[in-house]
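For reference, the structure is listed below as structure tokens.
Letters go in sequence order (proteins before strands), and every chain restarts at 1.
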Amino acid sequence: MKTIADKVRDIVRKIPKGKTMTYKEVATRAGNPKAARAVGAVMRSNYDPSIPCHRVIASDGSMRGYNRGGIERKHEILFDEGVR
DNA sequence: TAGTTGACCGGAA
DNA sequence: ATTCCGGCCAACT
């Protein structure tokens, strides 16, 4: 059965390079506009280098965390991809 | 099954 | 602009 986590993973994996998506957007795509929180929880629990979770940021454009190097790493990656 | 936690969001002070 | 509060959802114990 496809859980929200699976959908989220699929969606995040489809995020094009140089582009960023908010948790709310991902949640909406997953089918639950209010599941932004759950999205973050799932991402944190799910370690997967195939998933560019660094392209997922807060609705305000700020970043919250990164289980793969920390905020600095995330900021660096986004900056390197051309995201401001 | 129920309770707790958290990479969230939006509004109010 | 910053800080606080309540609400929603999924995963974990």
Side-chain angles (χ1 to χ4, degrees):
Chain A
M1 131 183 196
K2 282 164 155 223
T3 78
I4 298 293
D6 289 314
K7 293 181 189 172
V8 170
R9 286 194 283 174
D10 192 52
I11 294 163
V12 175
R13 198 180 307 163
K14 285 174 178 110
I15 299 177
K17 175 173 161 286
K19 222 166 157 146
T20 51
M21 236 178 186
T22 65
Y23 293 101
K24 196 166 163 194
E25 286 291 298
V26 176
T28 303
R29 297 259 186 190
N32 290 24
K34 295 166 201 294
R37 206 169 192 177
V39 172
V42 172
M43 297 297 241
R44 179 171 86 68
S45 290
N46 180 54
Y47 275 67
D48 195 325
S50 304
I51 301 172
C53 15
H54 59 264
R55 294 191 187 146
V56 185
I57 57 173
S59 59
D60 27 28
S62 307
M63 33 178 125
R64 284 284 133 182
Y66 195 47
N67 58 1
R68 194 95 168 119
I71 306 298
E72 313 173 17
R73 184 73 179 190
K74 190 167 175 178
H75 182 274
E76 188 179 349
I77 295 168
L78 291 176
F79 189 82
D80 184 62
E81 298 205 346
V83 179
R84 320 182 227 179

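Put simply, the side chain of Met43(A) reaches to within 4.5 Å of the side chain of Val12(A), judged on heavy atoms. The side-chain heavy atoms of Ile57(A) and Lys74(A), taken from C-beta on, include a pair separated by under 4.5 Å. Looking at Asp10(A) and Lys2(A), their side chains never come closer than 4.5 Å, going by heavy atoms from C-beta outward.
Here the side chain of Ala36(A) is nearest to one of dA7(B), dC9(B), dA11(C), namely dC9(B). Closest to the side chain of Val42(A), out of dA7(B), dC9(C), dA11(C), is dA11(C). In the set dG6(B), dA11(C), dA7(B), the nucleotide with an atom closest to the side chain of Ala5(A) is dA11(C). When distances are taken from the side chain of Arg37(A) to each of dA7(B), dC8(C), dC12(C), the shortest belongs to dC8(C). Of all nucleotides listed (dA11(C), dC9(C), dA7(B)), dA11(C) comes nearest to the side chain of Ser45(A). Here dC9(B) is the nucleotide among dC8(C), dC9(B), dA7(B) with the atom lying nearest to any side-chain atom of Thr22(A).
Across all strands, Ala41(A) comes closer than 4.0 Å to base atoms (heavy-atom distances). No contact: Asp60(A) has no heavy atom under 4.0 Å from any strand.
Looking only at distances, a side-chain donor or acceptor of Ser45(A) sits under 3.5 Å from a matching main-chain atom of Ala41(A). Judged purely by atom type and a 3.5 angstrom limit, Lys7(A) has no side-chain atom pairing as donor or acceptor with the backbone of Arg29(A).
Per the geometry, NZ belonging to Lys34(A) stands 14 Å off C1' belonging to dG11(B), to the nearest Å. Note: CZ (Arg29(A)) to C1' (dC8(B)) measures 18 Å, nearest angstrom. Regarding Tyr23(A), its OH atom lies at a distance of 15 Å from the P atom of dG6(B), rounded to whole Å. The distance from atom NZ of Lys24(A) to atom P of dA7(B) is 20 Å, rounded to the nearest whole Å. Look at CZ on Arg9(A): it is 12 Å from C1' on dA11(C), rounded to the nearest Å. Ile4(A) has its CD1 atom 15 Å from the C1' atom of dC8(B), to the nearest Å. Nucleotide dA7(B) holds its P atom 17 Å from the CD1 atom of Ile57(A), rounded to whole Å. Atom OH in Tyr66(A) sits roughly 21 Å away from atom P in dG6(B) (whole-Å rounding).
Evaluation of atom-type donor-acceptor distances gives no pair under 3.5 Å for the side chain of Asn32(A) against the base of dA10(C).
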